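Some notes on the structure that comes next.
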Amino acid sequence: MAPAYQASPSALQPASLLERFSFPRQLAWGYLGLLLFMMGDGVESGYLAHFLHGEGISQKKIAFLFTVYGALATMGARYSGALSDIWGPRLVMWIGLFAWTVFQVIFLAFSLPTGDFASMLVSYGLRGFGYPLFAYGFLVLVTTSTPVRRLGSAVGWFWFAFSAGLPTLGSLFASLLIPYVGQYVTFWCSLGMVIVGGLVALSGLPRRAHPSAPGETEEKRRGSLFSSITIAWDKPKTAIGCLVRMINTAPQFGFLVFLPTFFTTVVGLRLSQWLQLLSYMFLSNMIANLLSGIVGDKLGWRRTVAYVGGVGCTITTLLLYYVPSAHHGSFGLAVLVAVLYGATLAGYVPLSAIMPLLAPENKGAAISMLNLGAGASAMLGPAIVAVFIGPLGIEGVMLIFAGLYALSAVLSLFLTLPTEVEPGTLGWSGIGEAAFGSSASLLAHPPAMAALAGQNDIDLVLFDLGGTIYDDSTYTRALLRAVHDINPNVQEHEFWAVYDAERMRASGSLRTAIANHFVPNRDRERLTTLARRYWEYPASALYPDVKPALTALAGQFKLGLVANSGEAALKALRRDGLHDLFNVIALADFVGVEKPDERIFQYALDRTGVPATRAVHVGNRLESDIRPAKSLGLRTVWILRGDAPPAPTLEQLAEPDAVIISLIGVPTALSRLMNVNA
């Protein structure tokens with residue numbers, strides 16, 4: 001059979017290597033800038049404690065300094081999501097870049113040269129606002145602009161860039177530069193790298209696409225800030241996620257306080273070897289971060305966090321202490337256990353995908369809880385060291401950190417998602433699911449085509465996509481999420497009340513009705529643009545009768561697709577082995593008009609060379625399928641599923657030429673329509 005004709009030849013090109021790894025191209029400059037920013041931020045991570053200790057500052061004071069830094073980083077992280085909701089991620093990232101730059105200059109130019117510890121507390125502490133506002137502001141942009149199906153991979157790329165810089169490449173950069181320019185000048189070099197990274201990211205990211213409508217800003221500000229405070233009570237699982245995220249990197253920040261001294265004095269490594277070991281540790285973490293997001297998408301986010309992250313880090317934290325302690329001076333063994341720790345630490349990556357989906361109607365507040373945990377980890381880890389390293393020693397602190405990881409494994413098992421957003425469950429519901437679940441006998445053999453033998457006044461059968469081939473819930477859920485993006489205060493029952501009313505009417509555009517009710521200025525285009533972020537067709541949304549029915553029909557008729565869809569539909573059709581069954585694919589994004597405009601139907605007719613009188617259209621919407629097709633002269637088959645009214649009126653049933661409840665019924669319907677126009 002000839003491959004389908006469509007208006008987007010580029011869509012048929014093989015996927016690039018980056019596309020195969022689900023790399024979000026539109027955020028490429030952001031990922032690069034984040035890498036450079038965090039690399040600059042991470043230059044000091046492996047040796048600042050060592051440097052300060054050499055300047056005569058005690059380990060307890062160093063731990064206190066890092067704790068203050070972590071406390072202010074916690075504040076920045078806590079409100080990065082809410083502030084991004086109000087001002088947009090770009091402005092929040094600018095504020096973070098400015099804070100990091102200004103207070104780092106004060107820290108380097110005054111605090112370190114004078115040795116004034118009080119000044120260090122102020123300047124270095126206030127610099128703590130910098131990286132969380134910049135990095136987690138970008139994370140908000142990633143999680144709000146990526147479809148759910150690819151969200152795990154997108155945040156995997158975020159943590160790939162984040163951990164590649166802090167402290168992987170940052171520590172490596174320090175180990176290479178310090179022998180030539182010294183430790184103090186290397187601090188200044190890190191400042192330049194942060195500035196370059198910030199500018200690269202901010203110059204390459206899209207500006208906020210939809211500023212708040214007049215009169216909407218003040219209400220949104222109050223709602224975002226209030227919900228960022230109350231969400232822990234409204235959605236208790238976000239509080240659990242916050243605690244898990246806090247445990248995730250708390251030991252990592254704690255390690256940076258005392259492990260440099262432990263490995264250089266007790267284990268017997270040189271400073272350069274310790275910095276290299278740290279680079280190896282987080283190089284493995286960097287690679288595993290990317291793989292964890294991809295594997296988590298397929299194997300389950302919760303299990304990945306609990307077993308790879310929680311249980312894995314419990315074991316490798318103990319190895320990180322006991323193996324080097326038993327083998328003094330063995331750089332190879334120390335690197336091995338460090339690499340294992342870095343790899344298991346990546347098991348927490350899917351947590352960034354889970355958190356916004358624990359409260360899909362208020363993602364900004366949920367991300368604020370995630371960021372609170374991330375920021376608080378920078379305070380918790382050093383605080384544990386400051387309190388316990390004196391009475392318990394290094395071994396006791398390592399046992400505490402291992403116990404925290406074990407606790408996080410247990411807590412992670414409670415992070416179950418709402419069923420409507422659980423990946424892979426966007427299928428049918430209610431009566432439709434029960435009906436198809438109990439009708440497997442309908443699919444035991446292909447639909448019988450013998451009754452059509454010898455009949456020849458139908459040459460082309462056109463099909464709608466949503467509700468006909470793929471379940472409409474993917475579309476309506478995308479609209480619901482877009483409405484929540486625009487106005488988080490809209491209650492779900494309000495949305496479904498409007499949806500049900502429009503479904504029963506079977507007249508007019510659903511998107512227009514939703515926009516008229518919930519979008520400021522009735523901006524249908526804004527609603528559509530936002531919905532397309534989430535509007536995809538998972539394999540689970542394919543109706544089970546589609547493939548056998550289309551395969552049988554393709555042997556006798558030309559087939560076509562006419563739908564108000566775009567690139568996502570093409571990818572789904574290729575994935576599910578349906579693309580080559582169609583002679584023509586007319587998608588609104590490529591044709592330039594959408595149903596109910598008759599021109600999109602005419603486009604399909606022209607491409608196949610079939611007149612309207614010899615074509616049939618199968619769809620589930622009267623307004624956008626049956627009526628325009630009949631107006632053009634096609635015969636029509638109304639399939640009662642998806643957005644079709646659950647109890648159509650007699651007047652509605654009289655409009656199409658035939659009515660079916662499954663594509664299995666198409667051959668019989670066609671046999672009854674044969675020669676109607678002869």
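Throughout, numbering of the chain's residues begins at 1 and tracks the sequence. Treat the numbers as computed from the prediction; the structure is a model and nothing was measured.
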Legend entry - Distance in Å, Arg621 CZ paired with Asp464 CG, rounded so as to fall on 0.5 Å steps: 6.0 Å

Legend entry - Point-to-point distance, once rounded to the nearest 0.5 Å, from CG of Leu640 to CG of Asn620: 9.0 Å

Inset, instruction - Taking Arg302 for its side chain and Leu413 for its backbone only, find out whether a donor-acceptor pair lies under 3.5 Å. - result: yes

Inset, instruction - Could you pull out all residues at least two apart from Ala569 that satisfy side-chain contact (heavy atoms from CB on, under 4.5 Å)? - result: Leu465, Tyr537, Ser565, Leu587

Inset, instruction - Go through the steps to decide whether Leu479 and Phe495 satisfy the test side-chain contact (heavy atoms from CB on, under 4.5 Å), and finish with yes or no. - result: CA-CA 9 Å; Leu479 288 177; Phe495 174 90; 4.0 Å; yes

Inset, instruction - Heavy atoms only: give me the nearest Thr304-Pro350 pair and the separation to one decimal. - result: CG2-CG, 3.8 Å

Legend entry - Ser662 (side chain) donor-acceptor with Gly665 (main chain) under 3.5 angstrom: no

Legend entry - Which residues share a side chain to side chain donor-acceptor pair (under 3.5 Å) with Glu494, sequence neighbours left out: none

Legend entry - Point-to-point distance, once rounded to the nearest 0.5 Å, from CE of Met674 to CG of Asp457: 6.0 Å

Inset, instruction - Over all heavy atoms of both residues, which pair between Leu462 and Leu561 is shortest? Give the atoms and the distance, please. - result: CD2-N, 4.5 Å

Legend entry - Main-chain N/O of Leu553 paired with Gln556 side-chain donor or acceptor, under 3.5 Å: no

Inset, instruction - Grab the two heavy atoms, one from Thr636 and one from Pro656, that are nearest each other, plus how far apart they are. - result: OG1-CA, 3.4 Å

Inset, instruction - Determine whether Ile514 and Asn516 make a side-chain contact, defined as any pair of heavy atoms from C-beta on separated by less than 4.5 Å. - result: no

Inset, instruction - Could you check if a side-chain atom of Ile660 sits within less than 4.5 angstrom of a side-chain atom of Trp638, using non-hydrogen atoms only? - result: no

Inset, instruction - Verify, without hydrogens or angle tests, whether Tyr470 (side chain) and Ala572 (backbone) share a donor-acceptor contact under 3.5 angstrom. - result: yes

Inset, instruction - Would you sort out whether Arg641 and Ile661 count as a side-chain contact (heavy atoms from CB on, under 4.5 Å), showing the intermediate values? - result: CA-CA 7 Å; Arg641 65 185 181 193; Ile661 61 170; over 6 Å; no

Legend entry - Flag, side chain of Ser631 to backbone of Pro628, donor-acceptor distance under 3.5 Å: no

Legend entry - Reported OG-to-CG distance for the pair Ser412 and Leu351, which is rounded to 0.5 angstrom: 7.0 Å

Inset, instruction - Report yes if some heavy atom in the side chain of Ile486 is under 4.5 Å from a heavy atom in the side chain of Arg526; otherwise report no. - result: yes

Legend entry - Side chains of Trp157 and Val142 in contact at under 4.5 Å (non-hydrogen atoms): no

Legend entry - salt bridge (charged side-chain N to carboxylate O under 4.0 Å, His left out) against Lys630, all qualifying residues, sequence neighbours excluded: Asp657

Legend entry - Phe557 side chain near Asp459 side chain, heavy-atom distance below 4.5 Å: no

Legend entry - Closest heavy-atom pair and its distance - Phe414, Ile240: CB-CD1, 4.2 Å

Inset, instruction - Could you tell me whether the side chain of Thr608 and the main chain of Leu605 form a donor-acceptor pair under 3.5 Å? - result: yes

Legend entry - Chi angles and distances behind the side-chain contact (heavy atoms from CB on, under 4.5 Å) call for Asp589, Glu567: CA-CA 8 Å; Asp589 282 7; Glu567 186 75 23; over 6 Å; no

Legend entry - Trace of the salt bridge (charged side-chain N to carboxylate O under 4.0 Å, His left out) decision for Lys595 with Asp625: CA-CA 7 Å; Lys595 299 183 297 184; Asp625 290 307; 2.7 Å; yes

Legend entry - Student check: side-chain heavy atoms of Leu673 and Val637 closer than 4.5 Å: yes

Legend entry - Spacing of CG belonging to Asp597 relative to CD1 belonging to Ile600, to within rounding of 0.5 Å: 8.0 Å

Legend entry - Non-hydrogen side-chain atoms of Leu460 and Asn583 separated by less than 4.5 Å: no

Legend entry - His617 and Phe601 aromatic ring geometry - parallel, tilted or perpendicular at 30°/60° bounds: perpendicular

Legend entry - Nearest atoms (heavy-atom pairs only) where Asp576 meets Lys547: O-NZ, 3.0 Å

Inset, instruction - Please name the pair of heavy atoms, one in Thr468 and one in Tyr543, separated by the smallest distance, quoted to 0.1 Å. - result: O-CD1, 3.6 Å

Legend entry - Phe138 and Tyr31 aromatic ring geometry - parallel, tilted or perpendicular at 30°/60° bounds: perpendicular

Legend entry - From CG (Leu573) to CD1 (Ile469), nearest 0.5 Å: 6.5 Å

Inset, instruction - Could you check Leu570 against Ile585 for side-chain contact (heavy atoms from CB on, under 4.5 Å), going step by step and ending with a plain yes or no? - result: CA-CA 9 Å; Leu570 289 177; Ile585 296 177; 4.0 Å; yes

Inset, instruction - Taking the side chain as every heavy atom from C-beta outward, state whether Leu415 and Trp301 have any atom pair closer than 4.5 Å. - result: no

